[in-house]
Amino acid sequence: MKKIAKLAMLFVSLAFATSGTPTDIDSLFKGKEFKLPPLDSSYRTNYNEADHAKVSAKDDGAFTLQFDAIANFDAAQARKARLQSQTGYDIQMIFDAPFYKLRGGLFKKKSDAEDKAREFALYNISAFVVKVR
């Protein structure tokens, strides 16, 4: 009897989900959808012009974003494909025992890479900056 009741509830919920008509929640938030704020340099913490001048000499090199490190090859391949479609980057899979590291993007300045990582964070894609050269 419980299985029949659960199936009936499932069909009813599916009927409402696929009906195409707005629900009370949809009409409540209409026109008040959350919009992401624009990304600017004010998101940088502890920004000081004097410190920036000292660091800029060390910033020469190449930086990339690392999105994940996964031990399972098949899971890493699946995540790589998903990241490529989400970010638009050609994701490199680097084996560094015991993990497959998923990296993408190439930046000349660390600050540019950090800005891009912050932008991805707004879309729930976690990444951190790695210096490659």
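Numbers here simply count residues along the sequence, with the first being 1.
Between the CD1 atom of Ile91 and the CZ atom of Phe67 there is a distance of 4.5 Å, given to the nearest 0.5 Å. Distance NZ/Lys116 to OG/Ser111: 13.5 Å, rounded to 0.5 Å. A distance of 4.5 Å separates CZ of Phe63 from NZ of Lys131, quoted to the nearest 0.5 Å.
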Under 3.5 Å, sequence neighbours excluded: what are the donor-acceptor pairs made by side chains of residues 98-107?
unit_1: Lys101; atom_1: NZ; unit_2: Asp96; atom_2: OD2; d: 2.9
unit_1: Arg103; atom_1: NE; unit_2: Gln66; atom_2: OE1; d: 2.9
unit_1: Arg103; atom_1: NH2; unit_2: Gln66; atom_2: OE1; d: 3.1

Can you give me every donor-acceptor pair (side chain of residues 69-83, partner residue at least two apart or in another chain, under 3.5 Å) with its distance?
unit_1: Asn72; atom_1: OD1; unit_2: Asp74; atom_2: N; d: 2.9
unit_1: Asn72; atom_1: OD1; unit_2: Ala75; atom_2: N; d: 3.4
unit_1: Arg79; atom_1: NE; unit_2: Asp68; atom_2: OD2; d: 2.8

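Shown here are the side-chain hydrogen bond (donor to acceptor under 3.5 Å, both in side chains) partners of Gln86, two or more places apart in sequence or in another chain: there are none.
Contact of the Val130 side chain with the Leu65 side chain is not registered, since no non-hydrogen atoms from C-beta on lie closer than 4.5 Å.
Taking every heavy atom of both residues into account, Ala127 and Ala117 meet most closely at O-CB, 3.9 Å.
By the 30° and 60° cut-offs, the orientation of the rings of Phe120 relative to Tyr89 is perpendicular.
For residues 85-95, no residue pair satisfies the salt bridge (charged side-chain N to carboxylate O under 4.0 Å, His left out) rule, not counting sequence neighbours.
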